[in-house]
Amino acid sequence: MTPGQKRLPETEDPTDCPPIPILGIGVACAAGNSPDAVRETLAGRRVPRIETERVATAQGTVELPVYRADAEELESGVPKRQLRRMSHFARLAYFTAFEARRDAGLDTWPDPARVGIAFGTGHGPLRVTFEFQDSVIDGGDRCASPTSFANSVHNAPASQISIAMGLQGPCQTITTLGQTFAGTLMAALDWLRHDEVDSVLAVVGDEYSPMSGYAYALAAGPRVFAPPIRPFDLDTCTSLPGEGVVAFLLGRPGQPGKYGAVRSVHLGTGEAELERQREAIRSLRAVLLAADGQRTNAPAYRTAVPADIPVAAHAGLYGSLAVGGGFEAFIGCLAMADGKLSPVSSPDSTPGAWNVIRTPWALGPEDRIGCLQCENGGTQSLVVIESPGG
C-alpha cells in the first residue's frame with residue numbers, strides 16, 4: 001500500500017479470523033516512556049512533556065509547543081555501542097520494541113526465525129532525511145553523509161531492530177499516512193493467522209523535525225498555538241505536532257493475552273465499507289478516537305460514531321500524529337489490563353453532541369472497544385480490541 005492509493009482493502013470478516021493476543025506493549029512519547037508512566041499521565045498525576053520550539057518564518061518567529069518524547073530515558077538498559085549510529089527515530093523504535101518484549105516477560109526469543117517485525121510510519125525518519133538532503137546540497141553527491149542516507153530509509157528502524165534482536169522472520173515497513181497503524185496490524189495479523197510466525201512485533205510511530213514545525217507554522221494560518229490539543233473541539237484547529245512510537249508484541253491465536261486481543265481490523269473507503277464500520281461500532285462498549293485537533297478530519301468523526309456510543313480521545317496527552325490510532329490502541333490495551341477506561345483528555349472543552357467519557361469507565365470480561373482513525377479523503381480504519389476474558 002502506498003500514500004494516495006484510491007482503494008484500500010475492505011474489512012476482513014472477523015467470524016473467519018481468530019483473535020490475536022496482545023502479549024506485551026512498549027511506548028515512548030510525551031505522555032511517558034512506559035505503561036506505568038502513561039497511566040500516571042492519564043490519571044492526571046503527571047503532565048505530558050511539551051517543549052516550545054521557536055520557528056522562523058517570513059512572517060516572523062512562531063513559538064510552537066511540541067509534544068516530545070524524552071530521549072534521555074531511551075538509553076536505559078540499551079548498550080550505547082548499539083545506539084551510536086542510530087537516528088533519533090530509530091532509537092525510539094528500538095526502545096519500544098525491547099520494552100514490549102520485556103513487558104511480555106521474555107528475555108530472549110524461543111525461535112528468532114519465527115518472529116516477525118511489522119513497522120509502520122506515516123512520514124518516516126524526517127530528521128535524518130533532511131540532514132542527508134542538506135549534506136547533498138552543501139557538499140554534493142561525493143560529500144553526502146552515507147550514515148544519514150542509510151538511516152533515512154523508511155525500513156531502517158525495522159532492520160536495526162531485527163539485527164539487534166537477532167530476528168530472522170519476515171520484516172516489512174508500511175507507510176500509508178493516517179491509515180498506517182491499521183495497515184501495520186493487517187500485515188502482522190496475516191502472518192500470525194497463516195502460521196508464518198509465532199509472534200510479531202508491530203511497531204508504529206513518527207518523529208518531530210524542524211521541517212515539521214515549519215510546515216505547522218505556515219499551514220495552520222493565523223492562530224494561537226497553545227496546549228493542550230482539544231480533540232472534541234472539531235470546529236477549531238488545536239492540532240500541535242507530536243512524536244512517539246508504540247509497540248505491540250502479538251502472539252499466536254489461542255495464547256492468553258495480557259492486554260486482551262485484536263479481534264478485527266476494518267480498513268477502507270466508500271459508503272459500503274464505512275457502513276460496515278458503523279455497524280461494528282454499534283456493538284462496542286466504547287470508541288477511542290484518534291481525533292487530534294485537525295478540522296479537516298472533523299466531518300468524518302462526526303458521522304462515524306452514533307451519538308449514544310461512549311467516546312474518548314487522548315491526543316492532548318501525546319500530540320498530533322499520523323499514527324495516532326496506534327496510541328489510542330495502546331491506551332485501549334491499558335484499559336483492558338486494568339478493567340477500566342481512562343476519561344477523555346481536556347474534558348472541559350467538549351462541545352457538540354458527544355457521549356464523552358468523563359470518569360473512569362468500567363470494562364467487563366466480554367467487552368470490546370474500538371480505536372477509530374478518520375481522514376478527510378473518506379478513508380477510515382477501526383481496530384477492535386477485546387478484553388482478556390473475551
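Given the structure is predicted, the values throughout are model-derived calculations rather than measurements. The first residue of the sequence shown is numbered 1, and numbering continues consecutively from there. Atoms considered below: every heavy atom in the structure, side chains included; atoms not considered: hydrogens, waters and symmetry mates.
Taking 4.5 Å as the limit, every side-chain heavy atom of Val245 sits out of range of all side-chain heavy atoms of Val204. Here the side chains of Leu288 and Leu341 are in contact, with some heavy-atom distance below 4.5 Å. Counting heavy atoms from C-beta on, the side chains of Ile281 and Ile309 come closer than 4.5 Å. The shortest distance between side-chain heavy atoms of Leu250 and Pro21 does not fall below 4.5 Å. Between Ile25 and Val246, every side-chain heavy-atom pair lies at or beyond the 4.5 Å cut-off. Side chains of Leu363 and Ser387 form no contact here, defined as non-hydrogen atoms less than 4.5 Å apart. Under the 4.5 Å side-chain criterion, counting only non-hydrogen atoms from C-beta, Ile385 is in contact with Cys371. In this structure, Lys258 and Leu23 have side chains that are not in contact, with every pair of non-hydrogen atoms separated by 4.5 Å or more.
Using modelled atom types and a 3.5 Å distance limit, the side chains of Asp103 and Tyr259 yield a donor-acceptor pair. Side-chain N/O atoms of Asp206 and Thr121 include a donor and acceptor closer than 3.5 Å. A donor-acceptor contact closer than 3.5 angstrom is absent between the side chains of Gln179 and Gln373. No side-chain donor from either of Ser159 and Ser162 sits under 3.5 Å from a side-chain acceptor of the other. In this model, a donor atom of one side chain and an acceptor atom of the other lie less than 3.5 Å apart for His266 and Ser264. A donor-acceptor contact closer than 3.5 angstrom is absent between the side chains of Tyr318 and Thr41. Using modelled atom types, one finds a donor on one side chain and an acceptor on the other under 3.5 Å when comparing Gln277 with Gln380.
In plain terms, the two heavy atoms of Asp292 and Ser320 that are nearest each other are OD2-OG, 2.6 Å. Closest approach of Leu64 to Pro241, counting heavy atoms only: CD2-CG, 3.8 Å. Contact detail for Val27 and Phe95: the closest heavy-atom pair is O-CE2, 3.7 Å. The shortest non-hydrogen separation linking Thr57 to Ala217 is CG2-CB, 3.9 Å. The nearest pair of heavy atoms linking Ala93 to Pro157 is CB-CB, 4.1 Å. Taking all atoms of both residues into account, the shortest heavy-atom contact from Val200 to Ala118 is CG1-N, 4.0 Å.
Contacts of Pro310 classified as side-chain contact (heavy atoms from CB on, under 4.5 Å), with partners at least two apart in sequence or in another chain: Ala286, Asn355, Ile357, Trp361. In this structure Arg39 satisfies the salt bridge (charged side-chain N to carboxylate O under 4.0 Å, His left out) test together with Asp36, Asp338, sequence neighbours excluded. For Tyr67, there are no ring pair (Phe, Tyr, Trp, His ring centres under 6.0 Å) partners at least two apart in sequence or on another chain. With sequence neighbours excluded, the residues that form a side chain to side chain donor-acceptor pair (under 3.5 Å) with Glu63 are Arg54. Residues forming a side chain to side chain donor-acceptor pair (under 3.5 Å) with Glu207 (at least two apart in sequence, or on another chain): none. Considering only residues two or more places apart in sequence or on other chains, Arg101 meets the salt bridge (charged side-chain N to carboxylate O under 4.0 Å, His left out) condition with none of them. Looking at residues two or more places apart in sequence or on another chain, you find no side chain to side chain donor-acceptor pair (under 3.5 Å) involving Gln59. Considering only residues two or more places apart in sequence or on other chains, Phe181 meets the ring pair (Phe, Tyr, Trp, His ring centres under 6.0 Å) condition with Phe248. In this view, Asp198 and Arg114, Arg252 satisfy the salt bridge (charged side-chain N to carboxylate O under 4.0 Å, His left out) rule, not counting sequence neighbours. In this structure Gln255 satisfies the side chain to side chain donor-acceptor pair (under 3.5 Å) test with no other residue, sequence neighbours excluded. Here Thr236 pairs with Arg230, Asp233, Thr238 under the side-chain contact (heavy atoms from CB on, under 4.5 Å) rule; sequence neighbours left out.
Between the side chain of Arg368 and the backbone N or O of Arg263 there is no donor-acceptor pair closer than 3.5 Å. Judged by distance alone, with hydrogens and angles left aside, the side-chain atoms of Asp367 form no donor-acceptor pair with the main-chain N or O of Leu284 at under 3.5 Å. Listed for the Tyr301 side chain is a donor-acceptor partner under 3.5 Å among the backbone atoms of Cys374. Of the possible donor and acceptor atoms, none in the side chain of Thr379 sits under 3.5 Å from a partner among the backbone N and O of Glu375. Glu386 contributes no side-chain N or O that, together with a main-chain N or O of Val262, makes up a donor-acceptor pair within less than 3.5 Å. The closest donor-acceptor contact from the side chain of Arg193 to the backbone of Pro18 lies under 3.5 Å. Distance alone, capped at 3.5 Å, is enough to place a donor-acceptor pair between the Thr269 side chain and the Gly378 backbone.
If you take CG on Leu317 and CZ on Arg49, they are separated by 15.5 Å, rounding to the nearest 0.5 Å. In this structure, Thr184 OG1 and Ile117 CD1 are separated by 12.5 Å, a value rounded to the nearest 0.5 Å. Note that the CG atom of Asp70 and the SG atom of Cys29 stand 11.0 Å from one another [nearest 0.5 Å]. Annotation: the span from Thr173 atom OG1 to Phe119 atom CZ amounts to 6.0 Å, rounded to 0.5 Å. Distance CD/Gln294 to OG/Ser239: 4.5 Å, rounded to 0.5 Å.
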### CA sep, side-chain torsions, deciding dist, call: Tyr208, Glu53, side-chain contact (heavy atoms from CB on, under 4.5 Å)
CA-CA 11 Å; Tyr208 172 80; Glu53 297 284 333; 3.7 Å; yes
### Task
Take Leu274 and Arg276 through the side-chain contact (heavy atoms from CB on, under 4.5 Å) test and state the conclusion after the steps.
CA-CA 5 Å; Leu274 300 187; Arg276 279 192 288 268; over 6 Å; no
### Query
Under the salt bridge (Lys or Arg N to Asp or Glu O under 4.0 Å) criterion, do Arg278 and Glu273 qualify, and how do the steps go?
CA-CA 9 Å; Arg278 284 192 287 269; Glu273 167 60 23; over 6 Å; no
### Task
Go through the steps to decide whether Tyr214 and Ser209 satisfy the test side chain to side chain donor-acceptor pair (under 3.5 Å), and finish with yes or no.
CA-CA 9 Å; Tyr214 183 73; Ser209 78; over 6 Å; no
### Task
Take Phe98 and Met165 through the test side-chain contact (heavy atoms from CB on, under 4.5 Å) and record every step on the way to the result.
CA-CA 8 Å; Phe98 268 85; Met165 288 186 164; 3.5 Å; yes
### Worked check of side-chain contact (heavy atoms from CB on, under 4.5 Å) between Ser381 and Val265
CA-CA 7 Å; Ser381 58; Val265 178; 5.8 Å; no
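Contact check on Arg282 versus Glu279 returns a salt bridge, with a Lys/Arg side-chain nitrogen under 4.0 Å from an Asp/Glu carboxylate oxygen.
Identified under the side-chain hydrogen bond (donor to acceptor under 3.5 Å, both in side chains) test for residues 104-113, with sequence neighbours left out: none.
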